[in-house]
Protein chains: 2
Amino acid sequence: MKSQFGERVRELREKQNLYLRQVAPFLEMDTAQLSKIEKGSRLLKRDQIPVLAEILKADSNELLVLWLADQLYEVVKDEDVALKAMDAAQETLKSNKRNKRNK
Amino acid sequence: MKSQFGERVRELREKQNLYLRQVAPFLEMDTAQLSKIEKGSRLLKRDQIPVLAEILKADSNELLVLWLADQLYEVVKDEDVALKAMDAAQETLKSNKRNKRNK
DNA sequence: ATTGACTTGTCATATATTGGCAAATATACC
DNA sequence: GGTATATTTGCCAATATATGACAAGTCAAT
């Protein structure tokens with residue numbers, strides 16, 4: 001339930017001295033929702049990441065990485081074989097990338 | 001939509017010379033569902049993996065790893081930063097494991 | 001005790017996933 | 001050709017999960 005994405009967003013928001021109520025409207029949500037996002041109990045929509053990044057004057061890709069990482073973590077967090085699964089997935093990714101490049 | 005888990009299950013099932021209709025009942029589903037699982041368009045329930053492993057005389061953990069890896073892949077497959085996200089998630093996993101060990 | 005920032009709970013609704021069945025396809029055999 | 005068996009696909013109702021909106025709550029400062 002804790003989320004690296006959320007924590008980072010909060011950090012960035014505080015660095016910009018913005019209140020939830022100042023940020024939330026740009027994302028078309030209320031402060032309650034944004035609060036939950038920062039706390040990690042809700043997910044920001046994928047396509048709002050760049051919007052948020054701009055408001056917070058942050059790097060969109062950095063936020064995206066954290067946002068994805070949270071979800072990856074969620075999949076395997078209770079599994080003994082978590083790291084093995086990550087390795088396997090990484091392998092698949094790498095070999096798919098190779099194929100793409102050469103197609 | 002292609003799935004390593006599904007492909008492996010099919011391999012194992014064929015090695016055991018079993019038909020879908022012979023396996024499906026043990027998982028309390030029909031052949032159509034099992035077919036979809038092998039094809040990767042449906043997910044087997046987490047707690048059925050050991051059941052399936054036993055039917056196929058396979059290693060439950062091996063199947064679990066593939067099952068998880070498919071889902072990890074699904075999260076990041078279209079993302080440019082997929083590998084970065086995986087690294088980040090792996091880091092989190094490792095550091096959480098350290099904390100668990102020492103708590 | 002009032003104000004402002006944030007958090008939490010609830011609940012109706014939207015969205016996604018699943019289960020079950022029927023029909024389609026594929027392959028082999030006669 | 002026609003039948004039989006195995007698998008696949010499409011559809012849709014049922015279930016489960018996620019989301020949005022709002023009210024009420026906590027907490028800290030004054």
Side-chain angles (χ1 to χ4, degrees), chain A residues 1-52 55-56 63-64 66-79, chain B residues 1-52 55-56 63-64 66-79:
Chain A
M1 179 127 159
K2 117 192 291 207
S3 107
Q4 303 204 232
F5 175 79
E7 284 173 11
R8 183 74 179 118
V9 167
R10 175 143 303 187
E11 236 178 69
L12 290 163
R13 179 173 61 82
E14 286 174 347
K15 193 156 60 184
Q16 299 291 325
N17 288 304
L18 295 169
Y19 297 128
L20 289 176
R21 78 178 148 73
Q22 297 175 289
V23 175
F26 290 104
L27 302 169
E28 295 169 283
M29 61 179 68
D30 64 10
T31 62
Q33 277 174 90
L34 186 50
S35 167
K36 284 170 189 168
I37 287 166
E38 288 185 352
K39 292 281 197 175
S41 74
R42 296 254 171 140
L43 217 51
L44 186 68
K45 288 211 168 69
R46 166 72 175 79
D47 61 359
Q48 299 226 276
I49 295 174
V51 180
L52 183 55
I55 302 168
L56 301 180
L63 290 182
L64 176 55
L66 295 175
W67 185 86
L68 291 168
D70 281 346
Q71 283 163 83
L72 292 172
Y73 180 75
E74 199 55 32
V75 172
V76 294
K77 63 168 193 270
D78 297 324
E79 302 286 353
Chain B
M1 180 129 157
K2 117 189 288 207
S3 106
Q4 303 206 230
F5 175 79
E7 284 173 10
R8 184 73 180 118
V9 167
R10 174 143 303 188
E11 238 177 65
L12 290 163
R13 178 173 62 80
E14 288 174 345
K15 193 155 61 185
Q16 300 291 324
N17 288 301
L18 295 170
Y19 297 128
L20 290 176
R21 78 177 148 75
Q22 297 175 290
V23 175
F26 289 104
L27 302 168
E28 296 170 283
M29 60 179 66
D30 66 8
T31 61
Q33 278 174 88
L34 186 49
S35 168
K36 283 169 191 169
I37 287 166
E38 289 185 352
K39 292 282 199 175
S41 75
R42 295 257 170 135
L43 217 51
L44 185 69
K45 287 211 169 67
R46 167 72 176 79
D47 61 0
Q48 300 224 276
I49 295 173
V51 179
L52 183 55
I55 301 168
L56 302 179
L63 291 181
L64 176 56
L66 295 176
W67 184 87
L68 291 168
D70 282 345
Q71 285 164 80
L72 292 172
Y73 179 74
E74 200 54 31
V75 172
V76 293
K77 63 170 193 276
D78 297 324
E79 302 286 353

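Just so we're on the same page: letters track the sequence lines, and every chain starts at 1.
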Euclidean distance, atom CD of residue E74(B) to atom C1' of dT17(C) [Å, nearest integer]: 13 Å

Under the side chain to side chain contact (heavy atoms under 4.5 Å, CB included) test, residues paired with L64(A) that sit two or more places apart: R46(A), I49(A), N61(A), W67(A), L68(A), E79(B), V81(B)

Summary of side-chain hydrogen bond (donor to acceptor under 3.5 Å, both in side chains) pairs that have at least one residue in residues 5-14 of chain B, sequence neighbours excluded: R8(B)-E11(B), R8(B)-E62(B), R10(B)-E38(B), R13(B)-E38(B)

Derivation and outcome, side chain to side chain contact (heavy atoms under 4.5 Å, CB included), residues D70(B) and L43(B): CA-CA 10 Å; D70(B) 282 345; L43(B) 217 51; 5.8 Å; no

Q48(B) side chain vs K45(B) backbone, donor-acceptor pair below 3.5 Å: no

Sequence-distant partners of K77(A), side chain to side chain donor-acceptor pair (under 3.5 Å), two or more places apart: E74(A)

Close side-chain approach of L44(A) and L63(A), heavy atoms under 4.5 Å: no

Pairwise distance OG1(T31(A)) to NZ(K36(A)) - rounded to 0.5 angstrom: 10.0 Å

Difference in axis direction between the ends of the helix from dA1(C)-dT30(D) to dC30(C)-dG1(D), five pairs, 10°: 20°

Those residues that, when tested against R21(B), pass salt bridge (charged side-chain N to carboxylate O under 4.0 Å, His left out) (two or more places apart): none

Interatomic distance, I55(A) atom CD1 to F26(A) atom CZ [nearest 0.5 angstrom]: 6.0 Å

Nucleotide dA18(D), atom C1' - distance to CD of Q71(A) in whole Å: 12 Å

For DNA chain D, the residues among residues 5-22 of chain A that have a non-hydrogen atom under 4.0 Å from it: none

Results of salt bridge (charged side-chain N to carboxylate O under 4.0 Å, His left out) for K15(B) - residues two or more places apart only: none

Residue-level proximity of residues 29-46 of chain B to DNA chain C when a heavy atom falls under 4.0 Å: D30(B), A32(B), Q33(B), K36(B), R42(B), K45(B)

